[in-house]
Participant: 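Have a look at this one before I ask anything.
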Amino acid sequence: MIRDQDTIPILGARTIFNGTNSSEIFTAEIVPLPELAPGEILVKVRLASICMSDVHTITGQRIEPTPSVLGHEAVVEVVNHRRPESDLSEGDRLTFSVADCCNKCEFCLKGLNQKCTKLFKYGHAKLSDGSGFNGCYASYIILRRGTHVVKIPDIISDRCAAPINCSLATTMCAMEYVPKVKNGRAFVQGDGILGLYTSAALRELGYDIVYCSGTRIRRSEFIDRFGGIPLYNDEILVEETNKIDVVVEVCGVSSVVNDGIRLLKPGGLYLFLGMVHPHSDLNITGEQIIRKCLTIKGIHNYAPRHLDQAVDFLEKTINKYPYDEVMGPTYDLSDLSSAMKLAIEKVYSRVLVQPNIS
């Protein structure tokens, strides 16, 4: 349902990221929301989650334009919209694509919407780029015309839904390239939320053995419950050399790659997801890849179809894997600094942020 814009403007709260060199990294403000343009959706943020890319930004490991509103993972609720062709109604819970795209350029037409020539990414844009309500650390977001949205089924809680539009959708993109093999064996390098989601997704694809390695042994219980076999203390799986069908890197550490190549059987597949930073030089030779006839594929973000698949996957497996339990505590938006401090410690897969928690 489309309703007329209220004559009295809605006020929205947002937390501004001013940059790591600012005397105040975060400042809060309340400002009127702009009117919606055709195709836009006004949503309120029900619950956001802190992605590690935001942690990298506030610690200076990643450079983003400032001032800005960070945050791109959230479950949101429709307040109003100007998409007359849609079936959206006020109160619908949604997840949304982190990338707004044109759906017309060369890359969109190839299914690589995340590489659109007119790409806009929520939580990664300067405050002046568009509505000013472009990130999830706010009470409202204005979703652009080219942003894909998916309704959240009632069975999925806000806590489980918040990371869908980053980690889980990216996992679905990766799974698109994974072959279905009889008695398949896989190795996931990384025990963060991407590693847990990937372990579950590989099991659902029918892989019999899914190893998952990491550095936080307290997560071993969750790896097991997400269908993986936990590996810690630099276990190198000598017995699996040349036996693994698929290796998925989600840890962001380039030093693991040689181990992954060693494990892959001839004709195997290596997916890179985590090394999205400049400190990712690889100490490998062309011979290592050629002699084993390996395929190496980079996965960055996802296309709209993967967001649909992520919601479907979560709905079908919500009672099978402990999605809720890996989520950490919820902080009020006004205490975003404390939430970030906890996220930096990597105790939980995700720390949550909610406007007006009281």
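Bear in mind the structure is a predicted one, so any value in this text is a computation, not a measurement.
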Participant: Measure the OG1-CD1 distance between T20 and I58 for me, rounded to the nearest 0.5 Å.
Facilitator: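 If I round to the nearest 0.5 Å, the distance is 10.0 Å.
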Participant: Nearest heavy-atom pair of V43 and V78: which atoms, and what distance?
Facilitator: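 Taking every non-hydrogen atom into account, CG1-CA, 4.1 Å.
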Participant: I need the L294 CG to I290 CD1 distance, nearest 0.5 Å.
Facilitator: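 Rounded to the nearest 0.5 Å, the CG-CD1 separation comes out at 10.0 Å.
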Participant: Okay, side chain of E40, backbone of L143: is any donor-acceptor separation there less than 3.5 Å?
Facilitator: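 No, the answer is negative, given that no donor and acceptor are paired below the 3.5 Å cut-off.
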Participant: For S139 versus P355, what's the shortest heavy-atom pair and its separation?
Facilitator: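 Smallest interatomic distance, heavy atoms only, reads CA-CG, 3.9 Å.
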Participant: Are M52 and V276 connected in the hydrophobic side-chain network, where two residues link if heavy atoms are under 4.5 Å apart?
Facilitator: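 In one cluster: no.
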Participant: Classify the side-chain pair E176/H306 by whether it contains a donor and acceptor separated by less than 3.5 Å.
Facilitator: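 H306 and E176 do have a side-chain donor-acceptor pair below 3.5 Å.
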Participant: Any salt bridge linking K320 with E204? Criterion: basic side-chain nitrogen under 4.0 Å from a carboxylate oxygen.
Facilitator: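 Yes, charged N to carboxylate O under 4.0 Å.
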Participant: Counting only N and O atoms by type, is there a donor-acceptor contact under 3.5 Å from the side chain of Y302 to the main-chain atoms of V98?
Facilitator: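 Judged by distance alone, yes, a pair lies under 3.5 Å.
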Participant: Do T66 and N18 have a side chain donor and acceptor closer than 3.5 Å?
Facilitator: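 The answer is no; no qualifying pair exists.
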Participant: In terms of side-chain heavy atoms, does T59 have a donor or acceptor partner in Q61 at a distance below 3.5 Å?
Facilitator: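 Short answer, yes.
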Participant: Using atom types as modelled and distance alone, determine if a side-chain donor or acceptor of S22 lies under 3.5 Å from a backbone N or O of G19.
Facilitator: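 Side chain of S22 to backbone of G19: no pair is present.
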Participant: Does R305 pair with D308 as a salt bridge, N-O distance under 4.0 Å?
Facilitator: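 So R305 does not pair with D308 through a salt bridge.
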Participant: Please determine if E85 and R83 form a salt bridge, counting it only when a charged side-chain N lies under 4.0 Å from a carboxylate O.
Facilitator: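 Looking at E85 and R83, the cut-off is not met.
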Participant: Could you walk me through whether I16 and L127 pass side-chain contact (heavy atoms from CB on, under 4.5 Å), step by step?
Facilitator: CA-CA 8 Å; I16 308 298; L127 196 63; 3.8 Å; yes
Participant: Who else is in the cluster with F107 when I, L, V, M, F, W and Y are joined by side-chain contacts under 4.5 Å?
Facilitator: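 F107 clusters with L112.
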Participant: Linking Ile, Leu, Val, Met, Phe, Trp and Tyr by side-chain heavy atoms under 4.5 Å, what else ends up with L11?
Facilitator: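 Under the 4.5 Å side-chain rule, L11 groups with I30.
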Participant: Can you find a side-chain donor-acceptor pair between S131 and N134 that sits under 3.5 Å?
Facilitator: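 There is such a pair (donor and acceptor under 3.5 Å, judged by atom type) between the side chains of S131 and N134.
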Participant: State which residues pass ring-ring contact (aromatic ring centres under 6.0 Å, His included) with Y122; sequence neighbours excluded, sorted by chain then number.
Facilitator: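 For Y122, the residues satisfying ring-ring contact (aromatic ring centres under 6.0 Å, His included) (neighbours in sequence not counted) are F96, F120.
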Participant: Is a salt bridge present between E345 and K341, judged by a nitrogen-to-oxygen distance below 4.0 Å?
Facilitator: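 Result for this pair is no, no salt bridge flagged.
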Participant: So, does D245 use its side chain to make a donor-acceptor pair with the main chain of G268 at under 3.5 Å?
Facilitator: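 Between the backbone of G268 and the side chain of D245 there is no qualifying donor-acceptor contact (under 3.5 Å).
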Participant: Determine, using the 4.5 Å side-chain heavy-atom cutoff (strictly less than), whether Y270 and L237 are members of one ILVMFWY cluster.
Facilitator: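 Yes.
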Participant: Determine, stepwise, if the pair Y331 / L336 fulfils side-chain contact (heavy atoms from CB on, under 4.5 Å).
Facilitator: CA-CA 7 Å; Y331 285 77; L336 181 60; over 6 Å; no
Participant: Can you tell me how far apart CD1 (I10) and CG (L33) are? Round to the nearest 0.5 Å.
Facilitator: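 It comes to 5.5 Å.
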Participant: Does a side-chain N-to-carboxylate-O contact under 4.0 Å join D54 and R62?
Facilitator: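 No.
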Participant: Treating R350 as the side-chain partner and M327 as the backbone partner, does any N or O pair qualify as donor plus acceptor under 3.5 Å?
Facilitator: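 A pair under 3.5 Å: no.
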Participant: Between atom CG of L282 and atom OG of S255, what is the distance when rounded to the nearest 0.5 Å?
Facilitator: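 So the CG of L282 and the OG of S255 are separated by 10.5 Å.
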Participant: Which heavy-atom pair separates V311 from P153 by the least distance, and what is that distance?
Facilitator: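 The answer is CG1-CD, 3.6 Å.
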Participant: Would you compute the distance between atom CG of L70 and atom SG of C136 and round it to the nearest 0.5 angstrom?
Facilitator: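 If we round to the nearest 0.5 Å, L70:CG and C136:SG are 10.0 Å apart.
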Participant: Any luck finding a side-chain donor-acceptor pair between K292 and N242 under 3.5 Å?
Facilitator: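 Note: K292 and N242 side chains meet the donor-acceptor criterion.
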Participant: For the side chain of D92 and the backbone of S89, is there at least one donor-acceptor N/O pair under 3.5 Å apart?
Facilitator: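 It does hold such a pair.
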Participant: Check whether M275 and I284 end up in the same hydrophobic cluster, where Ile, Leu, Val, Met, Phe, Trp and Tyr are linked by side-chain heavy atoms less than 4.5 Å apart.
Facilitator: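 Looking at the clustering, I284 is in the same group as M275.
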Participant: Check each of L314, V76, N165 against T95 using the side chain to side chain contact (heavy atoms under 4.5 Å, CB included) test, and report the only one that passes.
Facilitator: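 Of all the options given, the one that passes is N165.
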Participant: We want to know whether D335 and S338 form a side-chain donor-acceptor pair, criterion being a heavy-atom distance below 3.5 angstrom.
Facilitator: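 Result is yes, a qualifying pair exists.
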Participant: Excluding sequence neighbours, so at least two apart, what forms salt bridge (charged side-chain N to carboxylate O under 4.0 Å, His left out) with E315?
Facilitator: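 Expected list: none.
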Participant: Taking D224's backbone N and O only, do any of them form a donor-acceptor pair with E221's side chain (distance below 3.5 Å, no angle check)?
Facilitator: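 Judged by distance alone, no pair lies under 3.5 Å.
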Participant: Which side-chain hydrogen bond (donor to acceptor under 3.5 Å, both in side chains) pairs, counting each pair once, include a residue from residues 103-112, with sequence neighbours left out?
Facilitator: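 side-chain hydrogen bond (donor to acceptor under 3.5 Å, both in side chains) check on residues 103-112 returns N103-N113, E106-K110.
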Participant: Applying side-chain contact (heavy atoms from CB on, under 4.5 Å), run through T171 and F313 and close with a yes or a no.
Facilitator: CA-CA 11 Å; T171 300; F313 181 87; over 6 Å; no
Participant: With sequence neighbours excluded, tell me which residues meet side-chain hydrogen bond (donor to acceptor under 3.5 Å, both in side chains) with E240.
Facilitator: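 Residues passing side-chain hydrogen bond (donor to acceptor under 3.5 Å, both in side chains) with E240: R185, Y211.
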Participant: Pair F226, V326 - check side-chain contact (heavy atoms from CB on, under 4.5 Å), show working.
Facilitator: CA-CA 10 Å; F226 274 89; V326 299; 3.7 Å; yes
Participant: Quick check: does any side chain N or O of T57 sit under 3.5 Å from a backbone N or O of S53, one acting as donor and the other as acceptor?
Facilitator: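 Yes, because the side chain of T57 sits within donor-acceptor range (under 3.5 Å) of the backbone of S53.
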Participant: List the steps and the verdict of salt bridge (Lys or Arg N to Asp or Glu O under 4.0 Å) for R14 and E29.
Facilitator: CA-CA 6 Å; R14 60 189 184 187; E29 63 180 26; 2.6 Å; yes
Participant: Excluding sequence neighbours, so at least two apart, what forms side-chain hydrogen bond (donor to acceptor under 3.5 Å, both in side chains) with D158?
Facilitator: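 Expected list: R46, R93.
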Participant: What pairs with H72 under ring-ring contact (aromatic ring centres under 6.0 Å, His included), at least two apart in sequence or on another chain?
Facilitator: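 Once residues adjacent in sequence are excluded, the partners of H72 under the ring-ring contact (aromatic ring centres under 6.0 Å, His included) criterion are H124.
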Participant: Return each pair, listed once, that meets salt bridge (charged side-chain N to carboxylate O under 4.0 Å, His left out) where at least one residue sits in residues 116-134; pairs must be two or more places apart or across chains.
Facilitator: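 Every pair satisfying salt bridge (charged side-chain N to carboxylate O under 4.0 Å, His left out) with a residue in residues 116-134: D129-R144.
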Participant: For the residue pair T317 and Y323, confirm or rule out a side-chain donor-acceptor distance under 3.5 Å.
Facilitator: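 There is such a pair (donor and acceptor under 3.5 Å, judged by atom type) between the side chains of T317 and Y323.
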Participant: Which heavy atom of D191 sits nearest to which heavy atom of C212, and what is that distance?
Facilitator: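 Heavy atoms only, the tightest pair is CA-SG, 4.2 Å.
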Participant: Under a 3.5 Å distance rule, please check whether S49 uses its side chain to pair with a backbone N or O of L352 as donor and acceptor.
Facilitator: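 Checked: no pair found.
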Participant: Consider only side-chain N and O atoms of Q288 and N258, and report whether a donor and an acceptor are under 3.5 Å apart.
Facilitator: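 Yes.
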Participant: Please check this pair: side chain of S97 against backbone of A99, looking for a donor-acceptor N/O pair closer than 3.5 Å.
Facilitator: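 Flag set: sc S97 to bb A99 pair under 3.5 Å.
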Participant: What ring pair (Phe, Tyr, Trp, His ring centres under 6.0 Å) pairs are there with at least one residue in residues 38-59, not counting sequence neighbours?
Facilitator: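 Listed by first then second residue: nothing to list.
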Participant: Using a side-chain heavy atom cutoff under 4.5 Å and only I, L, V, M, F, W and Y, what cluster partners does L202 have?
Facilitator: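 M175, Y177, V178, V181, V188, L194, L205, Y207, V210, V246, V248, V250, L269, L271, L273, I299, listed by chain and number.
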Participant: Write down the atom of A303, the atom of Q114, and the distance for their closest heavy-atom approach.
Facilitator: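 So the two residues come closest at N-OE1, 3.7 Å.
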Participant: Does anything in residues 127-166 pair up under ring pair (Phe, Tyr, Trp, His ring centres under 6.0 Å), and if so which pairs, sequence neighbours excluded?
Facilitator: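 Sorted result for residues 127-166: empty, none.
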Participant: About how many Å separate CG of L231 and CD1 of I229, when rounded to the nearest 0.5 Å?
Facilitator: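 The distance works out to 7.5 Å.
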